Amino acid sequence: MRILTWNINSVRLRMPLLKKLVRECAPDMICLQETKTPDDLFPLRDVEKAGYAYTHIHGMKSYNGVAILSKIPFTTTEIHHRVGREDCRHIAAHVQVAEFKKPVQIHCLYIPAGGDVPDRTVNDKFGHKLDFVDEMAGWFAKEGKSGDPMIALGDFNIAPLEHDVWSHKQLLDVVSHTPVEVEKLTAMQDSLKWHDAIRHFVPDDQKCYTWWSYRNRDWKKSNRGRRLDHIWVTKTLVPHLTGHDILAAARDWEKPSDHVPVMIDLDLKAA
DNA sequence: ATGGTAGGTACCCTA
């Protein structure tokens with residue numbers, strides 16, 4: 001089973017790139033963020049033609065929006081409203097695999113970016129981000145009691161480790177890498193003993209990025225990246241991890257997203 | 001220290 005996450009930054013604009021991604025990677029499940037599309041305008045017919053018969057979408061006009069596209073049927077789908085808003089940032093789908101009695105839960109997340117100023121007293125967006133991560137930590141702690149194997153993936157908008165950013169020192173006061181955000185994300189990770197599936201394969205002392213700003217003349221030359229997109233798995237899934245890829249080449253596709261697709265392979269078969 | 005680019009929408013928001 002191959003599962004992939006991508007902040008696509010407008011699904012309607014980037015349908016040709018989504019098709020290219022399918023041709024190159026053939027994931028079984030694709031989790032998208034920032035689809036920026038109300039559900040009635042989502043290009044579902046194209047997605048079905050590309051081989052994804054099962055879809056769970058939750059979008060709105062202009063902002064945010066998440067989607068799960070799948071070749072594997074869902075046993076359950078969920079929409080979660082977070083911190084008192086209905087802003088399309090968390091959906092889940094459950095799939096049955098042969099290896100487990102319990103369903104595997106897939107959680108597609110788009111954590112708020114948090115604005116520019118890392119101080120909640122002057123920037124509400126930063127407060128919203130911190131509260132969102134706090135709420136997820138509490139919610140996962142409870143949901144974990146189901147005993148279901150779980151995968152959480154998406155654009156978390158936080159680069160927690162020193163080598164998840166191009167300069168740890170220069171980004172300590174930049175939203176996405178501040179100590180308070182890292183502390184909250186770490187608490188969310190501890191809530192369910194989540195394992196970072198990408199760092200499972202990439203050593204902590206090795207630079208690793210999934211996002212490069214549009215504002216650099218030459219993203220590859222300056223290489224000022226951050227690892228904002230994550231795939232986490234619970235303990236029972238760790239022995240099933242067989243591979244990973246970060247499609248940095250997608251940053252050079254025509255009209256690219258500023259995020260690149262991130263994927264893992266698990267030796268699980270649909271039931 | 002500053003401003004740089006992109007997408008969606010409607011002349012400005014968010015990233």
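Throughout, a chain's letter reflects where its sequence line sits, starting with A, and its residues are numbered from 1. Computed from a predicted structure; not experimentally measured. Every heavy atom of this structure was used, including side-chain atoms; hydrogens, water molecules and symmetry mates were not.
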Walking DNA chain B from its 5' end, the first of A:Pro256 and A:Asp155 to be reached, judged by nearest nucleotide, is A:Pro256

Between A:Ser10 and A:His259, the residue closer to the 5' end of DNA chain B by nearest nucleotide is A:Ser10

Counted 5' to 3', the first and last nucleotides of DNA chain B within 4.0 Å (strictly under) of a heavy-atom of chain A are B:dG4 to B:dA15

- prompt: Is the cationic atom of A:Arg224 (NZ for Lys, CZ for Arg) positioned less than 6.0 Å from the six-membered ring centroid of A:Trp166 and within 45 degrees of its normal?
  reply: yes

Is A:Arg82 positioned over the aromatic face of A:Trp139, cation under 6.0 angstrom from the ring centre and no more than 45 degrees off axis?
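That pair qualifies as a cation-pi contact.
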
Exercise for review: May I ask you to decide if the ring planes of A:Trp6 and A:Trp253 are parallel, tilted or perpendicular, using 30° and 60° as cut-offs?
Suggested key: perpendicular

How are the rings of A:Trp194 and A:Phe140 set relative to one another: parallel (under 30°), tilted (30 to 60°) or perpendicular (over 60°)? perpendicular

Notebook entry, point to check: Using a cut-off of 4.0 Å on non-hydrogen atoms, how would the nucleic acid contact of A:Arg14 be classed: base, sugar-phosphate, or nothing?
Noted result: sugar-phosphate

Dot-bracket assigned to DNA chain B with the 3.5 Å Watson-Crick/G-U criterion, [ ] for crossing and | for other-strand pairs, is ....((((...))))

Distance between the [atom1] atoms of [N] and [M], in whole angstroms?
{"N": "B:dA15", "M": "B:dT9", "atom1": "C1'", "value": "15 Å"}
{"N": "B:dG3", "M": "B:dG8", "atom1": "C1'", "value": "22 Å"}
{"N": "B:dA6", "M": "B:dT2", "atom1": "P", "value": "23 Å"}

Checking side-chain hydrogen bond (donor to acceptor under 3.5 Å, both in side chains) between A:Asn9 and each of A:Glu34, A:Lys255, A:Lys36, which is the one that passes?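 Looking at A:Glu34, A:Lys255, A:Lys36, the match for A:Asn9 under the side-chain hydrogen bond (donor to acceptor under 3.5 Å, both in side chains) is A:Lys36.
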
Shortest non-hydrogen pair, A:Thr242 vs A:Phe201, comes out as C-CZ, 3.9 Å

Looking only at heavy atoms, the pair that brings A:Met150 and A:Leu237 closest together is O-CD1, 3.5 Å

Sorted by chain and residue number, the ring pair (Phe, Tyr, Trp, His ring centres under 6.0 Å) partners of A:His56 (sequence neighbours excluded) come out as none

